[in-house]
Amino acid sequence: MTETIMRARGLTRDYPTPRTRGFGRAERTPGVIDVDLSVLAGSAVGIIGESGSGKSTLVRLLLGLDTATAGTVEVDGRAVDARGSARSLHWLRRTTGVVFQDPYASLDPRMSIGRIVGEPLWALGMEGDRRARVREVLAQVGLEADMAARFPHEFSGGQRQRIAIARAIVHRPRILVGDEPLSALDVTVRAQILRLLARLRVDEQVTLVLVSHDIGVVQNVCDQVVVMKDGRVVEQGPTEKVLLQPQAAYTRQLLASIPTLPR
């Protein structure tokens, strides 16, 4: 039986809304509302929905980068407490890797590629030949080992995202999370990164959680899909079933909004 590697129960996050000119009672704006989610080890789960639906907020809660107002998160059988110290969450950082949307903004322009990719190894106190591991993972994502001495501005957008992926997997996490990792790339480069993610899922046996507004990306990569609207999960299940036989009205609306060419 396949284990559940990531689980959320009753997950809620709301934010205080500033009072207008100091009058009235402070209100709170919901970001995520009562979300239940189970991610099986080795699966690929896509989270889709329009902008503002709560996708990125949910991911931040799952990764312990934000504190829930209510509910719980468990990763690999351990409770995630984002209120703890950075050191207390080292186990979570070792278990997870994350790739962000902008392949340039997520890389420190003052650091060499070798330092950027190897940073998790030093920060997490990983043992072994760290420089050798950096060279190994650069080759794994299709980059030359001698590129380690260069800097982010010397690379194209697709190469930068490969660098970001290398950094996310250098410490061999069990879960790889992508928060809109393809939206800043052109179509050709996007296809290359998609193939890379699919290969890494098999080669490294990682669980993939992918946030995307591009339903085509999720359809090609993920075997499970979660549909979000206004902070709530409105539908979830096997990708083929949800996208071909959607039960929720919002899912049907989302699918109908995909542009198509006339015959």
Side-chain angles (χ1 to χ4, degrees), residues 6 8 11-15 17 28-40 43-63 65-66 98-106 157-158 160-161 164-165 176-198 201 207-263:
M6 180 178 279
L11 201 58
T12 297
R13 177 64 164 111
D14 54 30
Y15 302 91
T17 302
R28 302 188 70 85
T29 301
V32 167
I33 306 169
D34 197 24
V35 169
D36 290 339
L37 177 67
S38 293
V39 178
L40 298 179
S43 66
V45 178
I47 304 175
I48 62 174
E50 60 191 345
S51 297
S53 61
K55 305 186 300 296
S56 293
T57 301
L58 174 59
V59 163
R60 288 180 59 82
L61 294 171
L62 294 175
L63 292 172
L65 299 174
D66 194 6
V98 59
V99 182
F100 295 103
Q101 178 175 359
D102 190 332
Y104 188 74
S106 64
R160 291 172 191 154
Q161 200 62 300
I165 293 171
L176 179 62
V177 178
D179 189 359
E180 298 280 9
L182 307 174
S183 61
L185 306 176
D186 62 43
V187 175
T188 303
V189 177
R190 186 179 301 185
Q192 295 172 355
I193 300 299
L194 272 177
R195 288 194 293 271
L196 173 60
L197 289 174
R201 181 188 170 194
T207 301
L208 182 63
V209 178
L210 184 65
V211 172
S212 180
H213 66 272
D214 189 329
I215 295 176
V217 167
V218 171
Q219 187 173 18
N220 280 287
V221 176
C222 301
D223 41 47
Q224 297 284 318
V225 65
V226 176
V227 185
M228 294 192 69
K229 182 181 188 300
D230 297 333
R232 298 182 184 274
V233 172
V234 297
E235 189 166 1
Q236 59 182 310
T239 301
E240 184 175 358
K241 181 178 180 180
V242 171
L243 298 186
L244 294 181
Q245 300 175 338
Q247 301 300 306
Y250 174 72
T251 307
R252 293 194 293 269
Q253 179 185 343
L254 200 63
L255 294 172
S257 68
I258 300 175
T260 57
L261 293 174
R263 294 185 178 180

Quick one: side chains of residues 188-195, donor-acceptor pairs under 3.5 Å with protein atoms, not counting sequence neighbours, listed by atom name and distance.
from	atom 1	to	atom 2	distance (Å)
R190	NE	L182	O	3.4
R190	NH1	D214	OD2	2.9
R190	NH2	L185	O	3.3

Indicate yes or no: at least one non-hydrogen side-chain atom of [X] is less than 4.5 angstrom from one of [Y].
X    : Y    : result
S51  : H213 : no
L254 : I48  : yes
P181 : Q101 : no
S43  : T207 : yes
L197 : I165 : yes
V98  : F100 : yes

Can I get a per-line list of side-chain donor-acceptor pairs under 3.5 Å for residues 33-40, giving both atom names and the distance, sequence neighbours left out?
from	atom 1	to	atom 2	distance (Å)
D36	OD1	G10	N	2.7
S38	OG	R9	NH2	3.2

- Point-to-point distance, once rounded to the nearest 0.5 Å, from CG of L62 to OG1 of T57: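 Those atoms lie 11.0 Å apart.
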- Note on the structure: Rounding to 0.5 Å, atoms OG (S56) and CG (L65) come to a distance of 11.0 Å
- Item | Contacts of type side chain to side chain donor-acceptor pair (under 3.5 Å), residue Q224, not counting sequence neighbours | none
- Task: Sequence neighbours left out, what passes salt bridge (charged side-chain N to carboxylate O under 4.0 Å, His left out) with D179? Give chain and number order.
- Result: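 D179 satisfies salt bridge (charged side-chain N to carboxylate O under 4.0 Å, His left out) with no other residue.
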- Residue list, salt bridge (charged side-chain N to carboxylate O under 4.0 Å, His left out) with R201, at least two apart or on another chain: D223
Return the minimal non-hydrogen interatomic distance between [X] and [Y], and the atom names on each side.
X    : Y    : value
P238 : V225 : O-CG1, 4.4 Å
V218 : G46  : CG1-CA, 4.0 Å
S106 : A164 : OG-CB, 4.4 Å
M228 : S53  : O-CB, 3.4 Å
P246 : L255 : CG-CD1, 3.8 Å

- Task: Using modelled atom types only, decide if a donor and an acceptor are shared between the side chain of R13 and the backbone of V32 within a distance under 3.5 Å.
- Result: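 The answer is no, because no donor-acceptor pair under 3.5 Å joins these two groups.
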- Can you list every side chain to side chain donor-acceptor pair (under 3.5 Å) pair that touches residues 229-240, not counting sequence neighbours? E235-T251
